[in-house]
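Both counts, for ligands and for their atoms, begin at 1 and track the order of listing. Only a predicted model underlies this, so the values are computations on that prediction, with no experimental measurement involved.
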Amino acid sequence: MKKSLGKVLATAFLGTALLVSGCSSSQPATTTGSDALEETKELVIYSARNERFVQPLLDSFAEETGIEVKLLSAGESSVNRIMEEKNNVQADVFFSNDTGAMEYLRLEGLLQGNTSQALNIIDPMYRAEDGSWVGLSARTRVLMYNKDLISEEEIPKTLWELTDPKWAGEFMITRGGNSSMVAHIAALRAEWGDEKTKEWIEKVRGNAGAVVNGHGDVRRSVGAGEFKFGLVNNYYFHQQLSEDKDNNVGAIYPDQGADGMGAFVNAAGVALIKGAPNEANARKFIDWILEAEQQKFFAYESMEVPLNPAVEANPIAMRIDEYKVMDMPLQELGPVWVDVKKLIEEAGLDLDL
Ligand SMILES: [Fe+2]
């Protein structure tokens, strides 16, 4: 029986989960391949991704295979829901915008491994070591700026520069609980450690001219000239460029210097849920979405960039091999993702407004 979403949301997310954290690799493999699995006619997908980037893909999978696909768009609460249903698994596949969240679920033992050859098309940096999740499209953190207010020469070239008092009141960030912000800070924490990350959050919070709910707010306000620049995912910059007005914007990929740590690239992708009621269909779906045509749709419509370099990218977006990327396999986000929200709050950046 399904539990109500209200109940799921009311459940403390990180409280008990941390203590029972175990490595899923200690679990025995339950299947030997999709041939041995029971055939069903359904596939249940939980998604944290914007529905308009998901539904058309699901429709074409349903049409090609005759499998009925059920989509639950649960946004940021998808992870809670999957945890809540641990002993009563409802979902087969999780569409996520964040590899930190997927790796966290894997470390909690809620995903299952996938040895399909189809995954090999994606760089190992962007998939789980057991194949339980795989990234499809890149979303890179950039500083988007208003060209009427600041030049490319003047704009900060590293994220640390945002702590400089000279930028007080000049830029925008989102609230701390925004999933892209959480993942980004998790990455900074893996790179810098707790103390330096907290210092960065405190100073950036103090300097920010505005803390807003989402990145759509940042891009519109920067585009309209309310602030000189803002921290966003690259596709928000591409979206603003495509607007009819307020589009005199640029973006820089930070930390590109010789000693720079590189820009943080997160990935959106898919995960295979342990105990999936329609496991054969889930495996079929993941193989299918890794085909070039689907990868292109997955990235193109959202103005992200395909992780598979052989897949055609949106021409206005920079490819991920054209700039320096933070040298950190995304699996490393899992262990630090767990209580990063706590660290963000302690450093004084509200999770919600
Ligand atoms: Fe987004």
Visitor: Identify, with sequence neighbours excluded, every residue that meets salt bridge (charged side-chain N to carboxylate O under 4.0 Å, His left out) alongside Arg127.
Guide: none
Visitor: Quick one: is the NZ or CZ of Lys196 closer than 6.0 Å to the six-membered ring centre of Trp160, and within 45° of its axis?
Guide: yes
Visitor: If the condition is ring pair (Phe, Tyr, Trp, His ring centres under 6.0 Å), which residues does Phe298 pass it with, not counting sequence neighbours?
Guide: Phe95
Visitor: What do the steps show when you test Thr140 against Tyr323 for side-chain hydrogen bond (donor to acceptor under 3.5 Å, both in side chains), and what is the final call?
Guide: CA-CA 10 Å; Thr140 305; Tyr323 52 88; 2.6 Å; yes
Visitor: Can you list everything that forms a ring pair (Phe, Tyr, Trp, His ring centres under 6.0 Å) with Tyr235? Sequence neighbours excluded, please.
Guide: none
Visitor: Sort by chain and number the protein N/O/S atoms found under 2.8 Å from the Fe ion (ligand 1).
Guide: Tyr235 OH, Tyr236 OH
Visitor: Side chains of Arg219 and Gln239: do they bring a donor and an acceptor to under 3.5 Å?
Guide: yes
